[in-house]
There are 2 protein chains.
Amino acid sequence: MASLADNIERYLKSLLDQAREGMIEIRRAEIAQEFDCVPSQINYVLATRFTPEQGYVVESRRGGGGYIRILRLSWGSPPGLLQQICCSIGNEIGQEDAEALLGRLAEIGAISSRQEAMLRASLRMESRMLDPPWDGIIRASLLKAMLMVLFEEN
Amino acid sequence: MASLADNIERYLKSLLDQAREGMIEIRRAEIAQEFDCVPSQINYVLATRFTPEQGYVVESRRGGGGYIRILRLSWGSPPGLLQQICCSIGNEIGQEDAEALLGRLAEIGAISSRQEAMLRASLRMESRMLDPPWDGIIRASLLKAMLMVLFEEN
DNA sequence: CTGACTTTGACCTTTCCTGACCTTCGTCGG
DNA sequence: CCGACGAAGGTCAGGAAAGGTCAAAGTCAG
């Protein structure tokens, strides 16, 4: 059921969980061999699941002794979290960035996966109904409203 | 007479009953094959019988390893009340009706007064930015999304 | 007979995976 | 010094594998 890309993603994230400093260094060819796939599959996974929007930074070096380094970005202290998020949303936000943000929130446990699913579904419904530029503007305001209400525990 | 759509609906709901977490993940093509029908019949069933108003949220992903995920909302207690509210909102709602609804939710303690204030502010912003009929539609969508997320305990 | 609900199929979009070919970097022989 | 070579990683396009959309045709109760 889970695709190869999903499995590689999970594996890399589990490595990140174990690692201190939220950083790991891998050899592309090694990972590819472990999962019995072509090396460029690793690039695909990195490009689709480890973007800055999703909270990761990837650097690499070619040539002999080359490597790929993955950093997991962390948000600052919980007190200012909501403010940081709202700031990063801005006045408008694209569908992909919005969903990446939800994924990130779920990953750090700020929202449950059920809440993530519902917010995602809401955003998609809203997306289908509106055209640019309204969709981005409304999406941003919807997201901020929902997060504010959600984090206002009680 | 039980139509094919009815049978598929019953089947999916029985899967949901068995599943923990009130969530199942299916492959469209598989279900279609089990019922010997075209895959798009599954979309029809989902679109007509698993809507948010009926207490369900559907998420999906395309492409290789794609899936369809169905979540059943718990709606907390008392069962039915929030679902009724959600239904009563309909496809669109006026600014006044929406604010009245928020007032009632705050009165019965379903949301805090801070939450009420924030939602009210959000609704007013939408109103200023959108013209009929979009404003009513987006208002309804935002309200329903909020109810779904807020009353999803856990 | 008519309107609402079902069912189907043709065509579309998204996501995944691979393989051929390209670029960068270290190193080693001349 | 320096240029060829090997060992990384990068790019990109194409084909395959899902699921989505929409409108036309079918069915059925009233």
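The shown structure was predicted, so the numbers you read here are calculated from the model rather than taken from an experiment.
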What are the atom names and distances for every N/O pair under 3.5 Å that joins the protein to nucleotides 3-5 of chain D?
none

Please tabulate, one pair per line, each protein N/O and nucleotide N/O from nucleotides 8-10 of chain D that are separated by under 3.5 Å, including the distance.
{"unit_1": "dA8(D)", "atom_1": "O4'", "unit_2": "G63(A)", "atom_2": "O", "d": "3.4"}
{"unit_1": "dA8(D)", "atom_1": "N3", "unit_2": "G63(A)", "atom_2": "N", "d": "3.2"}
{"unit_1": "dG9(D)", "atom_1": "OP1", "unit_2": "R28(A)", "atom_2": "N", "d": "2.8"}
{"unit_1": "dG9(D)", "atom_1": "OP2", "unit_2": "R28(A)", "atom_2": "N", "d": "3.4"}
{"unit_1": "dG9(D)", "atom_1": "OP2", "unit_2": "A29(A)", "atom_2": "N", "d": "3.2"}
{"unit_1": "dG9(D)", "atom_1": "N7", "unit_2": "R28(A)", "atom_2": "NH2", "d": "3.4"}
{"unit_1": "dG9(D)", "atom_1": "N2", "unit_2": "R62(A)", "atom_2": "NH1", "d": "3.3"}
{"unit_1": "dG10(D)", "atom_1": "OP1", "unit_2": "S60(A)", "atom_2": "OG", "d": "2.9"}
{"unit_1": "dG10(D)", "atom_1": "OP2", "unit_2": "N43(A)", "atom_2": "ND2", "d": "2.6"}
{"unit_1": "dG10(D)", "atom_1": "O4'", "unit_2": "R62(A)", "atom_2": "NH2", "d": "2.9"}
{"unit_1": "dG10(D)", "atom_1": "N7", "unit_2": "R28(A)", "atom_2": "NH1", "d": "3.1"}
{"unit_1": "dG10(D)", "atom_1": "N7", "unit_2": "R28(A)", "atom_2": "NH2", "d": "3.3"}

Can you name the atoms? Protein N/O to nucleotides 27-30 of chain D N/O, anything below 3.5 Å, with the distance.
none

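R139(A) forms no cation-pi arrangement with W134(A), by the criterion of a distance under 6.0 Å to the ring centre and an angle within 45° of the ring axis.
Residue-level contact check: R124(A) touches neither bases nor backbone, having no heavy atom under 4.0 Å from any strand. Residue contacts shown for R69(B) are absent, as no nucleic acid heavy atom lies under 4.0 Å away. Using a 4.0 Å heavy-atom distance criterion, L4(B) is classed as a sugar-phosphate-only contact.
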- [ ] Decide side chain to side chain donor-acceptor pair (under 3.5 Å) for S127(B) and Q95(B); before the verdict, give the C-alpha distance in whole Å, the side-chain angles of both, and the deciding distance to 0.1 Å.
- [x] CA-CA 7 Å; S127(B) 275; Q95(B) 179 70 26; 2.6 Å; yes

- [ ] Evaluate the salt bridge (Lys or Arg N to Asp or Glu O under 4.0 Å) criterion for residues R124(A) and E59(B): first the C-alpha distance (whole Å), next the side-chain angles of each, then the deciding distance (0.1 Å), finally the verdict.
- [x] CA-CA 9 Å; R124(A) 287 184 186 175; E59(B) 279 189 296; 5.6 Å; no

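Mapping heavy-atom proximity under 4.0 Å, the span of DNA chain C touched by chain B runs 5' to 3' from dC5(C) to dC16(C).
If you check the side chains of S3(A) and D6(A), you find a donor sitting under 3.5 Å from an acceptor.
Here the P atom of nucleotide dA18(D) and the CD atom of E59(B) are 19 Å apart, to the nearest Å. Look at CD on Q41(B): it is 17 Å from P on dC22(D), rounded to the nearest Å.
In this structure the side chain of V58(B) never reaches within 4.5 angstrom of the side chain of R69(B), judged on heavy atoms.
Mapping C37(A) and S3(B) onto DNA chain C via the closest heavy atom, the residue that lands nearer the 5' end is S3(B).
Closest of all the heavy-atom pairs between E92(B) and A140(B) is CA-CB, 3.6 Å. Taking every heavy atom of both residues into account, I137(A) and M129(B) meet most closely at CG2-SD, 3.4 Å. For L123(A) against A98(A), the heavy-atom pair with the smallest separation is CD1-CB, 3.8 Å.
Using a 4.0 Å cut-off between charged nitrogen and carboxylate oxygen, R104(A) and E53(A) do not count as a salt-bridge pair.
Residues F35(B) and Y67(B) fall into different hydrophobic clusters, defined by Ile, Leu, Val, Met, Phe, Trp and Tyr side chains chained together at heavy-atom separations under 4.5 Å. Under the 4.5 Å side-chain heavy-atom criterion for ILVMFWY residues, a single connected hydrophobic cluster contains both L82(A) and L142(A).
For D17(B), the side-chain hydrogen bond (donor to acceptor under 3.5 Å, both in side chains) criterion is met by R72(B), not counting sequence neighbours. With sequence neighbours left out, R120(B) forms a side-chain hydrogen bond (donor to acceptor under 3.5 Å, both in side chains) with E99(B), E116(B).
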